[in-house]
Amino acid sequence: MSTEISKTYEPKEVEPKQYEFWRNRDYFTAKVDPAKQPFSLTIPPPNVTGELHMGHALQHTIHDLIVRRKRMQGFNVMCLPGTDHAGIATQMKVDQALRAQGLDRRDMGREKFLGHAREWTLKYGGTILRQLQALGCSYDWSRTRFTLDEFVEEGPQTADWALGKLYTRSGYARAVLTAFVKFYEKGWIYRGERIVNWCPQCQTVVSDLEVEHRELQSNLWHFRYPGADGGEGVVVATTRPETMLGDTGVAVAPSDTRYTDLVGKKVVLPLMEREIPVVADHHVDASFGTGAVKVTPAHDPNDWDIAQRHPELMPPIQVIGDTGAITEAAGAYAGLSRQEARKKVVADLDARGLLVKIEPHTHAVGHHDKCGTVIEPLLKLQWFAACRDLADQALAAIRAGRVDYTPERFRQMEIDWLEGIRDWCVSRQLWWGHRIPLWYCLQCDSGVSRLSKGALQVGSDVKPIPSVEKPDTCPHCGGSEMEQDPDVLDTWFSSALWPHATLGWPEATDDLGYFYPTDLMITGRDILYLWVARMIMTGEEFLDKEPYRQVLVHATVMTEEGQRMSKSLGTGVDPLELIRLYGADATRFGLASLVTDSQDIRFKMRWKSGGIKATGPDDELARAEQIEQMRNFCTKLWNVSRFVLMNLGDSQGSGAGGQGSGAGDQGPGVRGQGPGAILGDQRLGLLLREWNPGTQNSELGTSEPQPPAPNPQHPTSGPQLELADRWILSRFAAASAAVNDALDRYSLGEASWVLYHFLWDEFADWYVELAKPRLRSEDPTLVREVIVAVLEAFLRLAHPFLPFITEEIWQALPGTDPKSALIVQPYPGALAELRDEEAEARMDAMIEVTRAIRNLKAELGVPLQTVDVSVMGDGHLETAYVEQMAKARISRERPEGQAAHTVAAGMEVAVAVAGLVDVSAEQARIRKELDGVAKDLKGVESKLSNEQFLSRAPADIIEKQRRIQQELLEKRAKLEERLQLFAG
RNA sequence: GGGCGGUUAGCUCAGUGGUAGAGCACCUGUCUUACACACAGGCUGUCGGGGGUUCAAGUCCCUCACCGCCCACCA
């Protein structure tokens with residue numbers, strides 16, 4: 001009864017099964033345990049209404065990979081998931097849904113809208129969390145948080161969004177309001193009139209960071225503003241003709257002699273027929289345009305600044321309203337859209353002969369990053385947060401190295417941004433969000449008034465009462481008519497508190513004490529300022545501690561052509577499609593293999609229609625090469641495991657022996673009588689000991705096993721490891737060390753390739769092949785033990801990358817504890833004791849000779865035939881291995897008759913096949929080989945003949961060159977000798 | 001205007017001073033009892049241009065070009 005696993009690996013069956021298995025056993029949940037060292041992190045909460053895209057798939061592959069390794073290393077791992085209410089994005093979607101039903105949020109009012117929004121969020125939200133589970137993410141779902149949970153009453157309200165636990169009140173909203181009140185009390189919140197970024201579509205202010213500048217081809221229009229005194233006046237240049245309706249002046253550079261006479265005089269603003277002053281201001285660059293700038297304080301931040309310096313340019317005249325339409329202040333132009341007004345202004349000025357010229361000009365136009373609408377800079381009264389002090393605290397944390405960045409370069413970027421930080425407009429004219437916890441007394445606060453429709457008008461001179469809860473009465477006058485500020489907070493204000501608010505802040509919870517600061521923040525570079533910097537600011541402010549010690553910035557996933565991925569352009573892929581096509585393990589491993597510290601990842605894919613873009617919504621993903629490669633790897637792993645399991649004999653399997661007890665009597669099975677019992681050699685015991693359930697996770701934070709105690713029963717008895725065994729153990733140790741080293745540096749790609757090549761190129765291609773005859777021999781005990789030990793150790797090493805398939809195979813291994821799981825087995829360490837340089841050198845030579853023979857056989861056209869081969873020279877040769885692997889009969893004597901020759905591992909290799917050796921072809925082949933040798937030799941000898949090299953290069957390098965030279969010379973001599981032979 | 005990243009085989013990319021690598025693609029064989037999602041073999045490169053440092057440069061420095069990203073109030 002051999003252990004059997006199914007003939008092909010079926011991700012669709014295995015993945016849900018194993019995921020449930022892990023969850024049911026609670027491997028993901030973390031509890032405060034002072035005896036254990038925590039490793040904690042919070043995920044960047046995706047939008048609650050979001051869906052998984054490739055960026056998420058990459059980000060969470062990285063998350064879960066790190067999390068799983070840390071868990072196996074014995075840390076008390078806490079990875080906290082959750083979602084962001086995403087004010088604007090969600091409100092947009094709900095608006096859309098309402099419109100589809102013929103409803104309008106403005107008609108229904110705030111409360112009713114929020115009801116719809118909650119309902120909609122409950123229905124459509126949280127999909128992305130389920131998608132993360134499909135990817136295999138082992139997060140603590142019991143801790144799932146939502147940045148806007150104030151609407152949530154007790155108990156689960158739906159069956160499965162975020163596993164039914166999201167809807168219990170987590171207190172996040174309270175934390176947000178508390179933070180705002182604390183800021184306010186520190187004097188960091190102020191009401192200011194500024195030019196802000198207004199989205200006419202979303203009808204709200206957005207922050208500078210949410211404005212996306214796009215270079216657009218436009219014009220620079222030159223207009224003449226005639227002098228008020230009848231003179232020529234001045235020609236101004238502008239990219240926004242429509243704003244001229246609100247001009248209150250013209251500015252020129254103080255040093256610009258062309259305009260010296262004009263300064264202090266007035267010009268006539270055409271169309272509006274208004275006299276406006278010309279002022280000199282240092283902001284103006286005399287070399288740009290005409291050197292004269294029209295000043296529109298209500299619609300341009302620079303102009304606003306200029307007007308602050310020149311009172312005669314005040315007050316501003318607002319000619320563009322909240323919807324982007326021209327206001328009554330622009331007289332005849334009122335009601336036109338921005339675009340219409342631009343056309344009409346230009347046409348009207350042209351008609352009056354005042355359009356001097358139109359120059360093509362490209363410039364950056366701000367667009368709202370959520371909806372793509374052109375941002376309108378408008379003068380607005382808003383709540384701002386002063387950021388200087390907060391930023392300085394964050395800077396101190398980064399400069400002191402309490403927060404590190406990987407890759408390094410992002411550290412300086414963050415510092416630069418924090419140094420130049422500007423105050424943050426935190427109020428938003430939305431309904432979906434945390435309503436600003438400022439309360440106004442309608443009885444005594446003259447700064448507020450009610451508009452006709454009942455809406456609250458909040459002026460600049462208000463006396464708000466900051467309070468998380470609604471105050472019963474006004475502390476000033478005792479009045480009871482209190483109204484809350486109508487605006488909500490910027491979504492990023494709430495997410496800025498994520499690491500501590502999710503752990504219970506402002507309460508001093510055990511979670512906070514134990515898991516905070518967290519260890520890692522894994523994120524994309526697009527939110528380095530928007531979010532990452534701000535979390536450091538709030539963490540430092542409220543907890544006096546950095547929120548995380550390490551920021552890991554991952555690449556952006558792009559298309560093969562380097563474009564941004566986008567569903568609407570047909571260049572986006574749903575990662576679930578990849579999982580469906582190739583399985584979650586392949587998807588993860590493929591993505592992990594692409595992780596370097598580069599900026600972008602180019603993702604290769606082909607659609608059914610043949611192209612790299614989908615032709616429409618019906619087009620299906622046909623192929624994603626980078627993932628497919630790893631699907632093939634999974635198949636390889638599955639098959640090699642199947643082979644191993646099929647060859648472990650009849651005595652093990654699911655028998656009772658050895659399971660849990662650690663020492664059994666199950667016969668000559670794999671587990672024998674405890675770790676390394678069969679062997680006098682302790683090396684294998686190292687791996688086996690790691691595998692012993694009794695030792696699992698015994699050491700905190702390290703998986704480095706101690707050498708096993710000598711087994712008194714079998715001190716030196718039993719079969720000895722043979723070369724191939726020593727080699728594969730050594731190679732495994734090398735791989736394990738390399739994987740750990742790479743992961744410590746977050747070089748996931750590097751680690752992936754080490755795993756890939758070890759399993760495929762070394763274990764499967766050589767060790768397993770060499771093991772075949774031994775497994776069929778009379779006493780296969782030893783080779784069975786080695787092969788399964790290496791496989792088992794590999795499964796542990798690879799588990800964070802390939803959680804599902806490794807768990808599935810591991811559980812099928814004989815001797816594994818059915819009460820346990822791979823997910824909590826100890827992670828292999830560097831295993832230096834297993835390294836065996838001599839074995840590696842001997843195997844390298846064996847492999848080189850084998851390849852040389854295979855090569856000659858292929859060229860002779862007899863790749864499958866067993867042939868007679870002469871290997872000449874003093875070098876040691878693993879004859880039996882070579883005979884098996886190359887299908888050859890080896891003799892160490894000179895061949896009789898003609899043969900094809902080459903040189904490998906310092907030995908002459910000749911394949912003799914009667915009648916097959918074409919003399920001229922063989923001569924040509926040898927000449928070609930000689931050419932190669934000559935080329936290499938030339939390089940080496942130019943170095944060795946260089947005295948500078950000999951005197952300056954380190955001895956070992958020179959020695960190596962000499963050795964290479966020697967080998968090449970010998971190779972040349974042997975080849976030339978063969979050539980002579982053919983010639984003669 | 002500043003900053004950052006990239007430019008290596010037909011394609012996508014590894015490779016942080018010591019005789020240039022992987023996967024795919026391509027060519028030749030093979031259904032060898034784990035695997036054709038495989039096995040064996042083969043082909044493929046002025047490492048963007050120029051200069052410098054060094055005994056030695058794909059790798060370090062300078063410079064130029066092109067591609068991409070971020071930041072920035074040139075109307």
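Quick note on labels: first sequence line is chain A, next is B, and so on, each numbered from 1. All figures in this text were calculated on a predicted structure; none of them were measured in a lab.
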Pair assignment for [N], Watson-Crick or G-U wobble, requiring both distances under 3.5 Å:
{"N": "B:G1", "value": "B:C71"}
{"N": "B:U7", "value": "B:A65"}
{"N": "B:C35", "value": "none"}
{"N": "B:C26", "value": "B:G42"}
{"N": "B:G58", "value": "none"}

Sugar-phosphate, base or nothing in reach of [X], heavy atoms under 4.0 Å:
{"X": "A:D936", "answer": "base"}
{"X": "A:H361", "answer": "sugar-phosphate"}
{"X": "A:S287", "answer": "nothing"}
{"X": "A:R623", "answer": "sugar-phosphate"}
{"X": "A:V295", "answer": "nothing"}
{"X": "A:D285", "answer": "base"}
{"X": "A:W760", "answer": "sugar-phosphate"}
{"X": "A:V640", "answer": "base"}
{"X": "A:G524", "answer": "nothing"}
{"X": "A:E560", "answer": "sugar-phosphate"}

Would you please confirm or rule out a distance under 4.0 Å between OP1 or OP2 of [N] and any side-chain N or O of [X]?
{"X": "A:R851", "N": "B:A40", "answer": "no"}
{"X": "A:K772", "N": "B:A34", "answer": "yes"}
{"X": "A:N647", "N": "B:A34", "answer": "no"}
{"X": "A:W304", "N": "B:A75", "answer": "no"}
{"X": "A:R409", "N": "B:C4", "answer": "no"}
{"X": "A:K960", "N": "B:U19", "answer": "yes"}
{"X": "A:R602", "N": "B:G6", "answer": "no"}
{"X": "A:S942", "N": "B:A56", "answer": "no"}
{"X": "A:R525", "N": "B:G5", "answer": "no"}

Closest to the [X] side chain: [options]?
{"X": "A:Y529", "options": "B:A22, B:C70, B:C35", "answer": "B:C70"}
{"X": "A:T596", "options": "B:C37, B:A75, B:A14", "answer": "B:A14"}
{"X": "A:Q626", "options": "B:C35, B:U12, B:U19", "answer": "B:U12"}
{"X": "A:K636", "options": "B:U19, B:G29, B:C39", "answer": "B:C39"}

When you compare [N] with [M], how far apart are their [atom1] atoms, in angstrom units rounded to a whole number?
{"N": "B:C4", "M": "B:C11", "atom1": "P", "result": "29 Å"}
{"N": "B:U59", "M": "B:A20", "atom1": "C1'", "result": "12 Å"}
{"N": "B:G49", "M": "B:A9", "atom1": "P", "result": "11 Å"}
{"N": "B:C69", "M": "B:A36", "atom1": "P", "result": "44 Å"}
{"N": "B:U46", "M": "B:G21", "atom1": "P", "result": "15 Å"}
{"N": "B:G18", "M": "B:C13", "atom1": "P", "result": "25 Å"}
{"N": "B:G48", "M": "B:U30", "atom1": "P", "result": "41 Å"}
{"N": "B:C74", "M": "B:A57", "atom1": "P", "result": "44 Å"}

Looking at [Y] and [X], is any side-chain nitrogen of the basic one under 4.0 Å from a carboxylate oxygen of the acidic one?
{"X": "A:E848", "Y": "A:R851", "result": "no"}
{"X": "A:D305", "Y": "A:R309", "result": "no"}
{"X": "A:E967", "Y": "A:R972", "result": "no"}

Is there a donor-acceptor pair closer than 3.5 Å between any side-chain N or O of [X] and the backbone N or O of [Y]?
{"X": "A:R224", "Y": "A:V236", "value": "no"}
{"X": "A:R338", "Y": "A:V374", "value": "yes"}
{"X": "A:K613", "Y": "A:R606", "value": "no"}

Please report, rounded to the nearest Å, how far the P atom of B:U28 is from the NZ atom of A:K857.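 Going from NZ in A:K857 over to P in B:U28 covers 21 Å.
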
Whole angstrom is fine here: how far is it from CD in A:E859 over to P in B:U28?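 Between P of B:U28 and CD of A:E859: 16 Å.
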
Residues 758-765 of chain A side chain polar contacts: donor-acceptor under 3.5 Å, at least two apart:
from   : atom 1 : to     : atom 2 : distance (Å)
A:D761 : OD2    : A:H757 : ND1    : 2.7
A:E762 : OE1    : A:R731 : NE     : 3.4
A:E762 : OE2    : A:R731 : NE     : 2.9
A:E762 : OE2    : A:R731 : NH2    : 3.4

Would you kindly check whether a donor in the side chain of [X] faces an acceptor in the base of [N], or vice versa, at under 3.5 angstrom?
{"X": "A:E625", "N": "B:G23", "result": "yes"}
{"X": "A:K604", "N": "B:C24", "result": "no"}
{"X": "A:H283", "N": "B:C74", "result": "no"}
{"X": "A:R631", "N": "B:C37", "result": "yes"}

Between A:E408 and A:T406, is any side-chain donor less than 3.5 angstrom from a side-chain acceptor?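 Note: A:E408 and A:T406 side chains miss the donor-acceptor criterion.
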
When the ring planes of A:Y529 and A:W417 are compared, do they come out parallel, tilted or perpendicular, using 30° and 60° as the limits?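 Aromatic pair A:Y529/A:W417 classed parallel.
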
